[in-house]
Q: 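Before I ask anything, let me first share the structure, which is written out below as structure tokens.
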Amino acid sequence: MTAEPIFPPDRVTLLGVVNVTPDSFSDGGCFVGQTGPVDVAAASAAARRLVQDGAHVLDVGGESTRPGAAEVSVAAEIARTRPVVAALVAELGVPVSIDTRKAPVAAAALAAGASVVNDVSGLGHDPDLARVAADAGAWLIVGHLRGLPATMQDDPHFDDVLGEVARELEASLARAQAAGVAPERLVADPGIGFGKRLEDNLALLAHAGWFRERLGVPVLVGPSRKSFLGSLTGDPVAERDVATVAACAVAAFAGANALRVHDVAGGVRAGRVGAALRAARRKELT
Ligand code: HH2
């Protein structure tokens, strides 16, 4: 377990995405097919480039959580992620995060050397996940998600998106602490694209700092290549990295502590510009 602070308050932490899935919405099929083995060497080479580009953490996932995605079995998810986590831990010298909703998948990754658990379901999917993170002394990212990825975009609705998401994240953070996760190991994520309308996603990104103040933990956002950016720009998935950079810069300006991105080179620059502008704000005028 790494002793370094993975989400220090004085930097914008960059998580580089390493999706070991056949069907992720923007980068599926790079390292594994619907059947057959995982190409660990290719995943490792791609992850090495993310680190060279400035990633502080590598976020390894074995199940797509895009709208409409089918659930993957625990065995298949472990078979995809564990060898990649082990290789990245051995070869790359940066903390590795496991992007999963399931306790056994997290346990396998933590045993292979991961130090962060990233749960987009905010502990809503598997009641044992927080205990697994607590037992390992791992960091835990709790995301906001109502329902299941398969149906989350079926007519989502909020009367007060900021208040409702904050209250539900507070409940997730309380569950994590009740299971033994130390408060200083917690990160909250308002869940961009997870059961949200365009206006919800925009409000959540624009108020990242408000969440940070209210929840008292670092706030991570993951706008990378998501469909709300396509709605705004008309860009297809493969061409959304420029819009992602813009969203990340604004999120960092608004107070986000961490950005989860596919294009790390762009995310690093967005984080620097957004954080510098935030530092330059004259509080009495904002
Ligand atoms: N978004 C995705 C996956 N994991 N984790 C956090 N904490 N926050 C996010 O916004 C987030 C996440 C979805 O993006 P991606 O991994 O690119 O796609 P897929 O779920 O299709 O694999």
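Computed over heavy atoms, backbone and side chain alike; hydrogens, waters and symmetry mates excluded. Read the numbers this way: they start at 1 and go in the same order the structure lists the ligands and their atoms.
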Q: Could you tell me, atom by atom, which parts of ligand 1 come under 4.0 Å of a heavy atom of F194?
A: 1 (N), 2 (C), 9 (C), 10 (O), 11 (C)

Q: Looking only at N/O atoms, are T65 and ligand 1 under 3.5 Å apart anywhere?
A: yes

Q: Could you list the residues that satisfy side chain to side chain donor-acceptor pair (under 3.5 Å) with D159, not counting sequence neighbours?
A: H157

Q: Look at the side chain of N201 and the backbone N and O of I192, then say whether any donor-acceptor pair between them is shorter than 3.5 Å.
A: no

Q: May I ask which of K226, R66, R101 has a heavy atom nearer to atom 1 (N) of ligand 1 than the others do?
A: K226

Q: Just jot down the ligand 1 atoms closer than 4.0 angstrom to any heavy atom of N118, in number order.
A: 5 (N), 6 (C), 7 (N)

Q: For R225, give me all partners under side chain to side chain donor-acceptor pair (under 3.5 Å), at least two apart in sequence or on another chain.
A: S26, D241

Q: For ligand 1, is any non-hydrogen atom under 4.0 Å from R225's backbone (N, CA, C, O), its side chain (CB onward), both, or neither?
A: neither

Q: Show me which atoms of ligand 1 lie under 4.0 Å from any heavy atom of D189.
A: 6 (C), 7 (N), 8 (N), 9 (C), 10 (O)

Q: Heavy atoms only, cut-off 4.0 Å: how does L220 contact ligand 1, side chain, backbone, both, or neither?
A: side chain

Q: Any nitrogen or oxygen of D99 lying under 3.5 Å from a nitrogen or oxygen in ligand 1? Just yes or no.
A: yes

Q: Indicate yes or no for a side-chain donor-acceptor contact from D200 to the backbone of R197 under 3.5 Å, with no hydrogens or angles considered.
A: yes

Q: Determine whether the side chain, the backbone, both or neither of V120 has a heavy atom under 4.0 Å from any heavy atom of ligand 1.
A: side chain

Q: Between R49 and D53, does any NZ, NE, NH1 or NH2 come within less than 4.0 Å of an OD or OE carboxylate oxygen?
A: no

Q: Has R281 got a side-chain atom pairing as donor or acceptor with L277's backbone, closer than 3.5 angstrom?
A: no

Q: Which of the atoms in ligand 1, numbered in the order shown and given with their element, are less than 4.0 Å from a heavy-atom of H262?
A: 17 (O)

